[in-house]
Amino acid sequence: MDHLDELESKSIYIIREAYKQFKDIAMLWSIGKDSTALLWLCRKAFFGKIPFPVMHIDTGYKFKKIYEFRDKYAKEWNLKLIVGKNEEALKAGVGPKDKLECCSKLKTEALKLTMANRQLKALLLGIRRDEHGIRAKERVFSPRNQDFKWNYKDQPPELWDQFKTKQTAEQHLRIHPMLHWTELDIWEYIRRENIPITDLYFAKDGMRLRSIGCECCCNPVPSEADTVDKMIEELKTTKVSERSGRAQDKEKAYMMQKLRSLGYM
Amino acid sequence: MNDEHMRIVIVGHVDHGKSTLIGRLFFDTDSLPDGKMDEIKKVCEQLGRDVEFAYVLDHLQEEREQSVTIDTTQMFFKTKKRHYVIIDAPGHVEFTKNMITGASQAEAAILIVDGEEGVQEQTKRHAYILGMLGLKQVIAVINKMDLVDYKQERFEKVREDLLKFLDSINIKPTYVIPISAKEGDNVAKKSEKMSWYNGMTILESLDTFSINERPINKPLRYPIQDVYKFDEKRILAGRIESGLMKKGDEIVFLPSGKETKIKSIEVFEGQKETAEAGECIGITLEHPLFIDRGEVACKKNELPIVADRFTANVFWMAKQPFDSSETIILKCATQEVECNIEKINKKLDSSTLKVIGDDADELKEREVGEISFKTKEPIVIENFNDIQELGRFVLVKNQDVSAGGIITQK
């Protein structure tokens, strides 16, 4: 087994543990590279037949190509797709002028509504430790209270792949099967497995997106990488951080901690 | 450079400089992303502080404002030889459970001791936990040498105290290195201020360690994780914890004792002829047996221990004590069983290692007990030194993992 095999095996173990414990579980698919890799891992974990729904939280501000990609592969891979939206906030005109409000209402709140509607008790997410310092503090099985709050000061211990598997009625669990991957691992895995990926990541006119969120809050970074191979070469040498183009991380110190403790993904 | 990734945990007493050392490692190996030092400078200005390397890892607002690591973090750097995953473990006594969470994932450890303060309570507790978790590759570093004028005598004194303690718990550090994480002495670069020290830097010594080998040459242990029946095929999914299997192998499921043959080894979009320790796979069986999660597939000529009584060292992590009269859930690999304490043979304070009592009736937070267990049903176990994956378990109380245990004898 090489490095990618080990990463994959650990993730599959976690995904299977999650499904064993929670039948009312879903996977969050942003259509970005990480959650698409997670989706691939779920397909491998269940021999091609993912037994739970795959959820896309639609802020209404996503790229057109994201919607096209979503619908194409939802069909091809026979996914049980759920699209979650905070219609009320969208009608009230919530938008990216105030970033904390926009992310909270259109992402976190939309997620809350959708989970409540579907009575979901657990959620698989493709976050990684190397993405952001605050995500590095996460557990693999991470409880959230009824208000979706993350009590980062008192997290349960995790050892030897024994996770927190039961929860009280009010809690839901966030499960992070890819916490141990890096951005470079993701691209090397996408290349090895030939995983289809939205071409928004590839450079056009000397610029590319390294992290994809909403169209209005994603700034491209300079790059010539227009293939997965070039991307991997670029990542091996770059010192620009992955989320450098993501506006919500940088508003001010601790914005991400605030967002996450309030239930942001 | 090869493809290897080694996981290192950095442990030691609060304020002895763990996070600073990690910040230094990243800085000196050029592993920080652009803008990271600027961001840290900005945050330090906002807080009215000198620039702190520790902020590379201490990300929570509370961590930065109080200069203490609360939870374990992992980051990545590389040397010419290989990649490293660095696990920062909190030093404060309150966060010992987070330290254990971090340390349980490591293959090697750096134990850091403040050269001025010397060996402290959490130095000892963390060292004890490393020993209990079976970590053999340990580097001891005596930090803050800049504060003691880089004096050899001070280094020798702290070194001697430390080695004496470590010897009493059977830990033999591979290296003892005098460093200043703040100034960068002997971390990535050899110190010019300690010409009396001729040994390796931290990076050089890390590169001499070896990656844990997967237990391929041990007996087959394949604990069933779940059973899937998405179509006409009934697949027993799991991870091979040790050994090898091949299609057609005769196997026995324990504890039930049911016997059959492996009909196929299943993976996504295909089948395999063989599979080995570490792989997550599925199998189908020659006979239609009813097998559930928790059964362990083994080969008939290399059977494990199946027992309902055994002795283990247990480290209690929860605030609420563990009462010897209560029934508690034990989880070992994918097995889950209720159990009771027959006897707490002895219990220790995890820092002083003083025996607090024989035949005690409860185990409190951060106490270690040698405990005789009786499980409701027999389970498959191993001595920790034989097959780690089935020689360790957790105890679950109030829905949280509350203790870790190492099986010392049947």
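In what follows, chains are A, B, ... by sequence order, proteins preceding strands, each numbered from 1. Just the heavy atoms: all of them, side chains too, but no hydrogens, waters or symmetry mates, feed the values below.
- For A:R208, the salt bridge (charged side-chain N to carboxylate O under 4.0 Å, His left out) partners at least two apart in sequence or on another chain are A:E234.
- Listed options B:K233, B:E389, B:E266 were ranked by heavy-atom pairs under 4.5 angstrom with chain A; first place goes to B:E266.
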Given A:L159 and B:M317, is the side chain to side chain contact (heavy atoms under 4.5 Å, CB included) satisfied, shown in steps? CA-CA 12 Å; A:L159 34 164; B:M317 293 185 276; 3.8 Å; yes
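- Put simply, NE2 on B:H5 and CG on A:L7 are 7.0 Å apart, with the number rounded to the nearest 0.5 Å.
- Under a cut-off of 6.0 angstrom, the local environment of NZ in A:K75 is sparse, with at most 12 non-hydrogen atoms contributed by other residues, nucleotides or ligands.
- The two residues B:F268 and A:K44 have their closest heavy-atom pair at CD2-CG, 3.4 Å.
- Only the side chain of B:I235 comes within contact range of chain A, with heavy atoms under 4.5 Å apart.
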Just do the side chain to side chain contact (heavy atoms under 4.5 Å, CB included) check on B:V85 and A:H180 with the steps written out, would you?
CA-CA 9 Å; B:V85 181; A:H180 54 294; over 6 Å; no
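- Atom CG of A:D161 sits about 11.0 Å away from atom NZ of B:K331, to the nearest 0.5 Å.
- Remark: the backbone N or O of A:F47 is not paired with any side-chain donor or acceptor of B:E269 at under 3.5 angstrom.
- Closest approach of B:I281 and A:R16 over heavy atoms only: O-NH1, 3.0 Å.
- Taking B:Q388, B:R293, B:E279 one by one and counting their heavy-atom pairs under 4.5 Å with chain A, the maximum is reached by B:R293.
- Within the 4.5 Å cutoff, the side chain of A:W160 has no heavy atoms near those of the B:V401 side chain.
- Under the salt bridge (charged side-chain N to carboxylate O under 4.0 Å, His left out) criterion, B:R214 pairs with A:E6, B:E276, not counting sequence neighbours.
- Once rounded to the nearest 0.5 Å, the distance linking CD of A:E158 with CD1 of B:I100 reads 13.5 Å.
- When all heavy atoms of A:S9 and B:C280 are compared, the pair lying nearest together is O-SG, 3.3 Å.
- A:E76 CD: more than 12 foreign heavy atoms inside a 6.0 Å radius.
- The distance from atom NE2 of A:H3 to atom CZ of B:R82, rounded to the nearest 0.5 Å, is 13.5 Å.
- For A:D2, the parts sitting under 4.5 Å from any heavy atom of chain B are the backbone and the side chain alike.
- Using cut-offs of 30° and 60° on the angle between ring planes, the pair B:Y228 and A:F46 is perpendicular.
- In this structure the side chain of A:K20 never reaches within 4.5 angstrom of the side chain of B:Q225, judged on heavy atoms.
- Looking at B:V396, there are no atoms closer than 4.5 Å to chain A (heavy atoms on both sides), in backbone or side chain.
- For chain A, the nearby part of B:A333 is the backbone; its heavy atoms alone come within less than 4.5 Å.
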